[in-house]
Undergrad: 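Let me give you the structure first, and then I'll get to my questions.
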Amino acid sequence: MVVHAVVVAAGKGERMGAALPKPFLPLAGVPLFVHTLRSLTRSTLLQKIVLVIAAEYEPLCRQLLEQHGPLRLPMLLVHGGQERQDSVRLGLAALDPDCDIVVIHDAARPFIEAEIIDASIKSAAEHGGALVAVPARDTIKRVNPQGGVVETVPRHDLWLAQTPQTFRVALIREAHARAHTQGITVTDDVALLEWAGGTVAIVPGDGRNFKLTTPEDVALAEALLKMGTARLHP
Ligand code: CTP
Ligand code: MG
């Protein structure tokens, strides 16, 4: 079974409000995307990584990889697009023709554990698609545009989607191509399989696999690193 990853790192990081996009921000002295790549290389099943970056940051990206490498897996750099969905589609297009399973992961989630990646790969091989997710913990309210509470949404069957989102390559490629042709925009890759009628199984995730989105998240990630509880790998 040939298993490759597409890691998307071509966003602007607007909510972070930093001078550089999120993947290049230092976390305990090492760029965020290098932490993420190191975590992925701990998987026993992954064989190659396609890293999707913004064209203008390719020189910086190469320099940081040189400085903090080498990584245990071969890597290919690809230029991303306007939306995350475009970046994933362009990453999928660059996979080797013999690739069976693709692990799609946000560069902004450095705390992913190898066991969870490998569970998602096995689940995708069996079901077609696999979503790493955690059950919703808080009570969830629907709110009107004026800021008033409308109702409580039962949460027993609600899960919060993370990445990796892992698929048989042919299924997700086909779904992306059809969505692109028909101008369908979604916020994650599993939504494309839902739309295309595929099967996606849940793989229970881990609260530590959060996505760094705002400056507070950087502070939290650094605190986790200092405590040693997040098990970020050297
Ligand atoms: N991403 C990407 N290409 C895009 C947009 C996003 O590759 N056109 C990547 C980001 O780099 C990130 C992941 O998708 O690793 C998740 O997206 P998000 O957290 O929204 O990151 P940004 O889009 O960079 O942040 P923001 O939405 O605050 O601008
Ligand atoms: Mg974004």
Side-chain angles (χ1 to χ4, degrees), residues 4-27 30-41 46 49-62 64-65 68 71 75-95 102-113 116-117 120 131-134 160-167 172-173 175-176 179-180 183-193 205-222 230 232:
H4 294 173
V6 168
V7 176
V8 281
K12 294 193 169 64
E14 277 169 0
R15 287 167 289 179
M16 191 61 80
L20 284 173
K22 289 191 283 192
F24 306 113
L25 297 181
L27 208 58
V30 175
L32 172 53
F33 81 107
V34 173
H35 282 293
T36 306
L37 294 173
R38 286 179 182 170
S39 294
L40 286 167
T41 62
L46 261 186
I49 297 174
V50 173
L51 177 64
V52 186
I53 52 160
E56 63 265 39
Y57 289 104
E58 182 172 343
L60 174 64
C61 185
R62 286 195 186 278
L64 291 171
L65 284 171
H68 297 279
L71 289 162
M75 221 166 59
L76 179 70
L77 294 192
V78 168
H79 295 161
Q82 190 63 33
E83 302 297 331
R84 184 186 181 282
Q85 188 175 332
D86 302 312
S87 295
V88 173
R89 191 184 65 256
L90 293 163
L92 292 174
L95 292 173
V102 60
V103 175
I104 302 172
H105 189 61
D106 291 329
R109 295 183 191 270
F111 297 108
I112 185 63
E113 290 288 341
I116 295 178
I117 299 168
S120 82
L131 167 66
V132 174
V134 292
L160 309 177
Q162 300 182 340
T163 71
Q165 302 191 356
T166 305
F167 307 92
I172 192 67
R173 252 208 193 125
H176 264 278
H180 186 51
I184 303 284
T185 310
V186 293
T187 54
D188 73 350
D189 300 290
V190 162
L192 288 179
L193 231 66
D206 177 332
R208 287 173 307 171
N209 181 32
F210 64 96
K211 185 172 62 137
L212 276 73
T213 303
T214 63
E216 296 74 42
D217 295 332
V218 175
L220 174 62
E222 288 200 310
L232 254 203

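Residue numbers run from 1 in the order of the sequence given. In what follows, every heavy atom counts, from backbone to side chain, and hydrogens, waters and symmetry copies are set aside. Every number for a ligand or one of its atoms is a count from 1 in the order of the listing. Worth saying up front: this structure is predicted, and the values here are computed from it rather than measured.
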Undergrad: Quiz question: by atom type and distance under 3.5 Å, do the side chains of His176 and Asp189 form a donor-acceptor pair?
TA: yes

Undergrad: Does the N or O separation between Leu212 and ligand 1 drop below 3.5 Å for any pair?
TA: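 Not met; the criterion fails.
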
Undergrad: Regarding atom 15 (O) of ligand 1: of the candidates Val6, Val8, Asp106, which has the closest heavy atom?
TA: Val8

Undergrad: Side chain or backbone, does Gly13 bring an N or O within less than 3.5 Å of an N or O on ligand 1?
TA: yes

Undergrad: With nothing but distance in play, are any N or O atoms of Thr213 less than 3.5 Å from an N or O of ligand 1?
TA: no

Undergrad: Judged by non-hydrogen atoms, does Gly81 sit under 4.0 Å from ligand 1?
TA: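 Yes, that is the case, since the closest heavy atom of the residue is under 4.0 Å from the ligand.
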
Undergrad: Just distances here: any N/O of Ala10 and N/O of ligand 1 closer than 3.5 Å?
TA: yes

Undergrad: Which one of Glu83, His105, Lys211, Lys22 has a non-hydrogen atom at the shortest distance from atom 21 (O) of ligand 1?
TA: Lys22

Undergrad: Any chance you could measure Leu64, atom CG, to Leu37, atom CG, to the nearest 0.5 Å?
TA: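 Rounded to the nearest 0.5 Å, the CG-CG separation comes to 11.0 Å.
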
Undergrad: What is the minimum heavy-atom distance between His68 and Pro31, and which atoms define it?
TA: NE2-CD, 3.3 Å

Undergrad: Using 0.5 Å steps for rounding, measure from the CD1 atom of Ile117 to the NE2 atom of His105.
TA: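 Reported to 0.5 Å precision, the distance equals 6.5 Å.
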
Undergrad: Ser87 heavy atoms, cut-off 4.0 Å: which ligand 1 atoms fall inside?
TA: 2 (C), 3 (N), 4 (C), 7 (O), 8 (N)

Undergrad: Can you find a heavy atom in the side chain of Leu20 that is under 4.5 Å from one in the side chain of Leu25?
TA: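 Yes. Closest side-chain heavy atoms under 4.5 Å.
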
Undergrad: If you measure every N/O of Gly11 against every N/O of ligand 1, is any gap under 3.5 Å?
TA: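 So ligand 1 has an N or O lying under 3.5 Å from an N or O of Gly11.
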
Undergrad: Could you tell me which atoms of ligand 1, counted from 1 in the order shown, lie closer than 4.0 angstrom to a heavy atom of Lys12?
TA: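 Within the 4.0 Å cut-off of Lys12, ligand 1 contributes 24 (O).
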
Undergrad: Need the ligand 1 atom indices (1-based, order shown) with element for anything under 4.0 Å from a heavy-atom of Gln82.
TA: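 Here the atoms of ligand 1 in question are 8 (N).
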
Undergrad: Considering the options Arg84, Lys211, Lys22, which one meets the side-chain hydrogen bond (donor to acceptor under 3.5 Å, both in side chains) requirement together with Asp106?
TA: Arg84

Undergrad: My understanding is that we take every heavy atom of each candidate and find the minimum distance to atom 29 (O) of ligand 1. Doing that for Arg109, Glu14, Arg84, which one comes out nearest?
TA: Glu14

Undergrad: What protein heavy atom is closest to atom 20 (O) of ligand 1, reported as residue, atom name and distance in Å?
TA: Arg15 NH2, 2.9 Å

Undergrad: At less than 4.0 angstrom from any non-hydrogen atom of Ala108, what atoms of ligand 1 do you find?
TA: 15 (O)

Undergrad: Has Pro21 got any heavy atom lying under 4.0 angstrom from an atom of ligand 1?
TA: no

Undergrad: So, do Pro110 and Leu27 sit near enough that their side-chain heavy atoms are less than 4.5 Å apart?
TA: yes

Undergrad: How long is the span from the CG atom in Leu40 to the CZ atom in Arg38, to the nearest 0.5 Å?
TA: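 Answer rounded to 0.5 Å: 12.5 Å.
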
Undergrad: Any side-chain heavy atom of Val7 sitting closer than 4.5 Å to one from Phe33?
TA: no

Undergrad: Is the closest side-chain heavy-atom distance between Leu193 and Ile172 below 4.5 Å?
TA: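 Yes; the side chains approach each other to less than 4.5 Å.
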
